[in-house]
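Structure first, then comments.
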Amino acid sequence: MPCKNIPTPLTIAQATERLKQGEIAAIPTETVYGLAVDATNDQAIARIYAAKSRSQNNPLIVHVATTHDAALYVEWNLRAQQLADVFWPGPLTMILAQRKNSPICKRVSAGLETLAIRVPKHPIALEILKKTSLPLAAPSANISGTLSPTTAQHVIDGFKGQVLVVDGGQTKIGLESTVVDLTQTPAIILRPGSITREKLQAVIPIGQPAQEKSSQPKSPGQFGKHYAPKQPLRLNATNVEQREALLSFGTNSIENATKCLNLSPKGNLAEAASNLYQMLHELDHPQFSCIAVAPIPDVDVGVAINDRLRRASQKSEVRGQRSEVSTALK
Ligand code: TXA
Ligand code: MG
């Protein structure tokens with residue numbers, strides 16, 4: 001439900017000030033909105049976990065302004081430099097060993113020896129990073145398990161108006177960054193995104209992930225139900241039932257949906273990615289029994305779209321907890 005008390009958007013200067021004071025500010029990135037906080041401030045980090053109802057074992061991504069800044073916090077190496085040369089600033093998160101005596105709080109990496117780091121490609125995020133001169137931890141600005149936010153309004157609605165947001169309009173890419181683990185050889189993709197396997201492989205060798213054997217997955221955020229609307233999702237739909245909404249792609253012969261949105265009438269996967277969360281937010285309404293999603297080709301960015309849709313359609317216990325706004329923000 002849209003929030004009625006719409007807080008005044010934060011200016012860049014106000015967000016900078018809040019972040020320096022250890023407060024939370026939601027900021028736009030090129031992928032999704034992030035719930036930013038000073039990554040060196042332990043109390044502020046604790047509040048982020050609480051605000052999102054996020055499991056303490058799910059580490060956060062640190063955002064920095066430049067490659068030079070990244071190398072202050074992680075053990076920089078040739079492969080990281082090769083990827084940074086091509087993809088930073090941009091939607092690529094690298095997992096690297098943390099530097100000893102790093103000022104980043106242990107809580108950011110949930111006790112792991114590694115750190116997830118990226119330089120975002122959004123003028124507002126970059127300006128805030130430069131103005132604060134801080135490494136900013138910024139998970140997606142949603143309650144854990146729910147749909148990711150691609151507009152300021154999604155953040156306001158998700159946190160019932162209790163998070164202040166810098167409004168940068170709709171995010172361009174619309175899917176979270178690709179996460180690549182450089183602590184292994186060859187490197188592996190922990191979370192697919194708009195920087196695809198093929199694009200990465202043109203720069204460094206990328207391996208296939210081994211089946212997760214341990215109970216502690218390499219990327220703790222990548223298990224269980226995630227990115228989910230409140231209404232159920234039905235994937236690879238070739239028809240639409242009564243009371244179902246339809247999320248379509250390209251041209252197909254599915255007819256008679258009460259409400260239909262098309263991710264990309266032209267069948268363009270990048271366009272589909274940028275519309276995915278926005279359209280799921282729009283169709284996530286109790287008047288529909290379910291959101292039926294037409295098949296999306298499992299190639300290129302389609303791999304990342306299908307990854308999110310599969311996780312969003314999983315059944316799990318997340319449902320009960322997720323509409324609650326944490327008291328941490330009150
Ligand atoms: O595009 C994005 O990456 C957005 C914007 C705001 O930058 N952020 C984002 O953060 O998606 P979040 O917290 O929603 O997802 C971070 C993912 C999770 O799957 C988490 O488990 C994984 O990155 N991650 C973080 N640190 C890690 C680490 N040290 N090792 C393995 N995975 C890690
Ligand atoms: Mg997230």
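Since the structure is predicted, the reported quantities are computational estimates derived from the model, not experimental observations. When a ligand or atom number is given, it counts from 1 through the structure's own listing order.
For ligand 1, the atoms lying closer than 4.0 Å to a non-hydrogen atom of Leu112 are 28 (C), 29 (N), 30 (N). With ligand atoms numbered from 1 in the order given, ligand 1 contributes 1 (O), 2 (C), 4 (C), 5 (C) to contacts under 4.0 Å with heavy atoms of Thr31. Under a 4.0 Å criterion applied to the non-hydrogen atoms of Ser140, ligand 1 contributes the atoms 8 (N), 9 (C), 10 (O), 12 (P), 14 (O). Annotation for ligand 1: atoms under 4.0 Å from non-hydrogen atoms of Ser177 are 1 (O), 2 (C), 3 (O). Of all atoms in ligand 1, listed by their number and element, those nearer than 4.0 Å to a heavy atom of Ala138 are 6 (C), 8 (N), 10 (O). For ligand 1, the atoms sitting less than 4.0 Å from at least one non-hydrogen atom of Pro139 are 10 (O), 12 (P), 13 (O), numbered in the order shown with element in parentheses. Of all atoms in ligand 1, numbered sequentially from 1 with element shown, those under 4.0 Å from a heavy atom of Leu190 are 31 (C).
Ligand 1 has no N or O atom lying under 3.5 Å from any N or O atom of Ser109, backbone or side chain. Close N/O approach between Arg118 and ligand 1 is found [any backbone or side-chain N/O within under 3.5 Å]. Residue-to-ligand polar distances keep Lys52 apart from ligand 1: every N/O pair is separated by 3.5 Å or more. For ligand 1, none of its N or O atoms has an N or O atom of Thr29 under 3.5 Å away.
Counting only heavy atoms from C-beta outward, the side chains of Asp38 and Thr132 never approach each other to under 4.5 Å. Here the side chains of Phe87 and Thr178 are not in contact, with every heavy-atom distance at 4.5 Å or above.
Hydrophobic clustering (side-chain heavy atoms under 4.5 Å, transitive across Ile, Leu, Val, Met, Phe, Trp, Tyr) groups Leu233 together with Leu263.
Within the coordination shell of the Mg ion (ligand 2), defined by N, O or S atoms under 2.8 Å, Ser140 is present.
Between atom OG1 of residue Thr29 and atom CD1 of residue Ile173 there is a gap of 8.0 Å, rounded to the nearest 0.5 Å. The CG atom of Leu147 lies 4.5 Å from the NE2 atom of His281; values are rounded to the nearest 0.5 Å.
Taking every heavy atom of both residues into account, Asn306 and Ile296 meet most closely at ND2-O, 3.0 Å. For the residue pair Pro28 and Val166, the shortest heavy atom distance occurs at CD-O, 3.3 Å.
Residue contacts with ligand 1, taken as heavy atom pairs separated by less than 4.0 Å, involve Arg54 solely via side-chain atoms from C-beta onward. Heavy atoms of Ile95 found under 4.0 angstrom from ligand 1 belong exclusively to the side chain.
At least one heavy atom of His63 sits under 4.0 Å from some atom of ligand 1. No heavy atom of Pro120 sits closer than 4.0 Å to any atom of ligand 1.
Ion pairing between a basic and an acidic side chain is recognised when a charged N comes within 4.0 Å of a carboxylate O; Arg191 and Asp307 show no such pairing. Salt bridge Glu30/Arg118: present, at least one basic N to carboxylate O contact under 4.0 Å.
Within 6.0 Å of CD in Gln287 there are more than 12 heavy atoms belonging to other residues, nucleotides or ligands.
Screening Val293, Ile291, Asn236 for a side chain to side chain contact (heavy atoms under 4.5 Å, CB included) involving Leu309 leaves a single residue, Val293.
Residue Asn58 holds the heavy atom nearest to atom 18 (C) of ligand 1 of all those in Val62, Ile48, Asn58.
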